[in-house]
Amino acid sequence: MNEYVIETKGLTKSYGSFPALDHVDLHVRKGCIYGLVGDNGAGKSTLLKLLAGQCFATEGDIFLLGQQGEKGLLQARKHTGCMIERPAFFPNMTVEQTLNYYCIQKGVPGTKKAEEMMQLTGIAEKKRCRCQTLSLGQRQRLGLAAALLGEPRLLMLDEPINGLDPSGILEFRSLLRRLNAERNITILLSSHILSELQQVADIYGFLSSGSLIEEITAKRLAEKCSDCIEITLPDIEKYAAVFEKTFPDDSYKILPENKIRIMNPKHTAQTYSKLALDQQIYITGMQTVKSSLEDYYMKLKEGGMDR
Ligand code: ATP
């Protein structure tokens, strides 16, 4: 059985001669929450639209829930819930009418499911309000409720946190975690703000100018973004040689201006400075540098990350 719920091979979408998506190989494992990160215009919505069947690829293959080809994808999409770009609703319909309308469209009988999803997504109190009166955050909740109606095995959400207030973001994250853990729904969600996806995604894919530049687990990303210690000393090569012998489990990088950067340090700053003193190398500067996820993405885009 295929371990991926979504897999793409060489997926490419061009608008005229402009490649909005360029040979993307995406791997979304069953049961995960996958965070797709990318700047404005990186190609996130294009990728989600291709997966949802809202536009056609110029090149490449899509595998959804183990199915491929026109018929296979049509079948797989019946088990997929989507919210892509700003959800559009009939302005004069109420929230309740809107969900009942989508129930009919998706072949979901009765009104029980709509009621359950309104409760789950926190939009129930607005059930008698017309869609045109909803705030952006409320529209996002309604969009999610609509996406969940058909009991999807896969949920694809484009910038779902957009427009939510701080408590709404926390609620939304915990809802996604519950959907994932309790209903076993695999979730692919996008954002241009990495920190928004933090604490919810367990794997990240970084898109930049239409290319998927890295897929990395949250655990590995946290390791790569942990603190570094930077030491400035005159005889950097001598220090690096004893450093390697003394701390073989530590990884380091030599920087310009006689600096050594110890990544994810295994010892205290005092231990590293004592090593220098023992060799009669005098340290002229030492600092702990915090690396944020945003820094990581910026460096990755510039091609400067240590693997
Ligand atoms: P954002 O975070 O701003 O929503 P995004 O990562 O979702 O951005 P896309 O909407 O996928 O980016 O757009 C990717 C690129 O493709 C952009 O440069 C955009 O201008 C271009 N593009 C998207 N749709 C079309 C279209 N229908 N015709 C021409 N160019 C398009």
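Residues: numbered from 1 along the sequence shown. Scope of the values below: all heavy atoms of this structure, side chains included, with no hydrogens, waters or symmetry mates. All of these numbers come straight from a predicted model, not from anything done at the bench.
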Notebook entry, point to check: Any sub-3.5 Å donor-acceptor pair from Ser190's side-chain atoms to Glu159's backbone N or O?
Noted result: yes

Note to self: Using side-chain heavy atoms (C-beta onward) and a distance below 4.5 Å, is Leu277 in contact with Ile283?
What the structure shows: no

Check: Out of curiosity, Leu73 CG to Lys78 NZ, how far, rounded to the nearest 0.5 Å?
Finding: 12.5 Å

Check: Aromatic rings His27 and Tyr4: how do their planes relate, parallel, tilted or perpendicular, breaks at 30° and 60°?
Finding: tilted

Next item on the list: Flag the pair Asn258 / Thr284 as yes when at least one side-chain heavy-atom distance between them is below 4.5 Å, and no otherwise.
Entry: no

Margin query: For residues Val200 and Leu175: do they belong to one hydrophobic cluster (side chain heavy atoms under 4.5 Å, members Ile, Leu, Val, Met, Phe, Trp, Tyr)?
Written below: yes

Note to self: Let me confirm one number: the OG1-CG distance from Thr246 to Leu275, rounded to the nearest 0.5 Å.
What the structure shows: 4.5 Å

Item checked: Least distance between heavy atoms, Ile236 atom then Ile231 atom -> CD1-O, 4.5 Å

Checklist line | ILVMFWY network linking Leu189 to Ile193, side-chain heavy atoms under 4.5 angstrom | finding: no

Margin query: Are Tyr239 and Gln279 packed together at the side-chain level, in the sense that at least one heavy-atom pair is separated by less than 4.5 angstrom?
Written below: no

Checklist line | Tyr204 OH to Leu221 CG distance, which is reported to the nearest 0.5 Å | finding: 6.0 Å

Notebook entry, point to check: Out of curiosity, Asp22 CG to Lys13 NZ, how far, rounded to the nearest 0.5 Å?
Noted result: 14.0 Å

Checklist line | Gln287 (side chain) donor-acceptor with Glu230 (main chain) under 3.5 angstrom | finding: no

Notebook entry, point to check: How far apart are the closest heavy atoms of Ser135 and Gln138, and which atoms are they?
Noted result: N-OE1, 2.8 Å

Note to self: How close do Ala52 and Cys82 get, counting heavy atoms only, and between which atoms?
What the structure shows: CB-SG, 3.7 Å

Margin query: Looking at Tyr15, I want to see if its OH is surrounded by more than 12 non-hydrogen atoms of other residues, nucleotides or ligands under 6.0 Å.
Written below: yes

Margin query: Using modelled atom types and a 3.5 Å cut-off, is there a donor and acceptor pairing between side-chain atoms of Asp202 and backbone atoms of Ala218?
Written below: no

Notebook entry, point to check: Using the benzene-type ring in the case of Trp, are the ring centres of Tyr252 and Phe247 under 6.0 Å apart?
Noted result: no

Notebook entry, point to check: Taking all non-hydrogen atoms of both residues, which atom of Ala57 and which atom of Leu11 are closest, and how far apart?
Noted result: CB-CD1, 3.7 Å

Margin query: Go through it in stages, so that I can follow the logic: the residues are Leu50 and Val24, the test is side chain to side chain contact (heavy atoms under 4.5 Å, CB included), and I'd like the CA-CA distance, side-chain angles, deciding distance and then a yes or no.
Written below: CA-CA 12 Å; Leu50 286 169; Val24 166; over 6 Å; no

Item checked: Step-by-step side chain to side chain contact (heavy atoms under 4.5 Å, CB included) determination, Met118 to Leu99 -> CA-CA 9 Å; Met118 280 191 281; Leu99 288 178; 3.3 Å; yes

Check: Is it the case that one hydrophobic cluster holds both Val108 and Met83, taking links as side-chain heavy atoms less than 4.5 Å apart, direct or via other members?
Finding: no

Notebook entry, point to check: Is there a path from Ile169 to Leu155 through hydrophobic residues (I, L, V, M, F, W, Y) whose side chains come within less than 4.5 Å of each other?
Noted result: yes

Checklist line | Min side-chain heavy-atom separation Arg141-Glu171 under 4.5 Å | finding: yes

Next item on the list: Determine the minimum heavy-atom distance between Gly205 and Tyr34, stating which atoms define it.
Entry: CA-OH, 3.3 Å

Note to self: For Leu144 and Ile123: C-alpha separation, side-chain torsions, deciding distance, then whether side chain to side chain contact (heavy atoms under 4.5 Å, CB included) applies.
What the structure shows: CA-CA 10 Å; Leu144 180 62; Ile123 194 69; over 6 Å; no

Notebook entry, point to check: Side-chain contact, heavy-atom cut-off 4.5 Å: Ser191 with Ile161?
Noted result: no

Check: Is any side-chain heavy atom of Ile203 less than 4.5 Å from a side-chain heavy atom of Arg29?
Finding: no

Notebook entry, point to check: Charged N to carboxylate O under 4.0 angstrom, Arg128 versus Glu96?
Noted result: yes

Check: So, for Met93 and Gln97, which heavy atoms are closest and what is the spacing to 0.1 Å?
Finding: CA-OE1, 3.4 Å

Note to self: For the CG atom of Leu207 and the CG atom of Asp39, what is their distance to the nearest 0.5 Å?
What the structure shows: 10.0 Å

Notebook entry, point to check: Distance-only, no hydrogens or angles: does the Lys44 side chain make a donor-acceptor pair with backbone N or O of Gly38 under 3.5 Å?
Noted result: yes

Checklist line | Other residues, nucleotides, ligands: >12 heavy atoms within 6.0 Å of Lys266 NZ | finding: yes

Note to self: Quick check for you: to the nearest 0.5 Å, what is the distance between Ser209 atom OG and Leu21 atom CG?
What the structure shows: 11.0 Å

Item checked: Polar side chain donor-acceptor pair, Ser211 to Ser208, under 3.5 angstrom -> no

Check: Linking I/L/V/M/F/W/Y whenever their side-chain heavy atoms sit closer than 4.5 Å, directly or via other members, would Leu74 and Val5 fall into one cluster?
Finding: no

Margin query: Is it the case that the side chain of Asn180 and the backbone of Ile185 share a donor-acceptor pair, with hydrogens and angles ignored and the cut-off at 3.5 Å?
Written below: yes

Check: Is a side-chain donor or acceptor of Lys238 paired with a backbone partner of Ala276 at a separation under 3.5 angstrom?
Finding: no

Checklist line | Contact check, side chains of Val289 and Arg261, non-hydrogen atoms, under 4.5 Å | finding: no

Margin query: Could you walk me through whether Leu51 and Leu26 satisfy the side chain to side chain contact (heavy atoms under 4.5 Å, CB included) test, starting with their C-alpha distance in whole Å, then the side-chain angles of each, then the deciding distance to 0.1 Å, before giving a yes or no?
Written below: CA-CA 11 Å; Leu51 296 173; Leu26 184 82; 4.2 Å; yes

Next item on the list: Applying side-chain hydrogen bond (donor to acceptor under 3.5 Å, both in side chains) between Glu151 and each of Arg183, Lys113, His79, report the one that passes.
Entry: Lys113

Next item on the list: Please determine if Arg220 and Glu214 form a salt bridge, counting it only when a charged side-chain N lies under 4.0 Å from a carboxylate O.
Entry: no

Next item on the list: Taking the side chain as every heavy atom from C-beta outward, state whether Gln132 and Asn92 have any atom pair closer than 4.5 Å.
Entry: yes

Next item on the list: Determine yes or no for a side-chain-to-main-chain donor-acceptor pair under 3.5 angstrom, with Ser14 supplying the side chain and Ser17 the backbone.
Entry: no

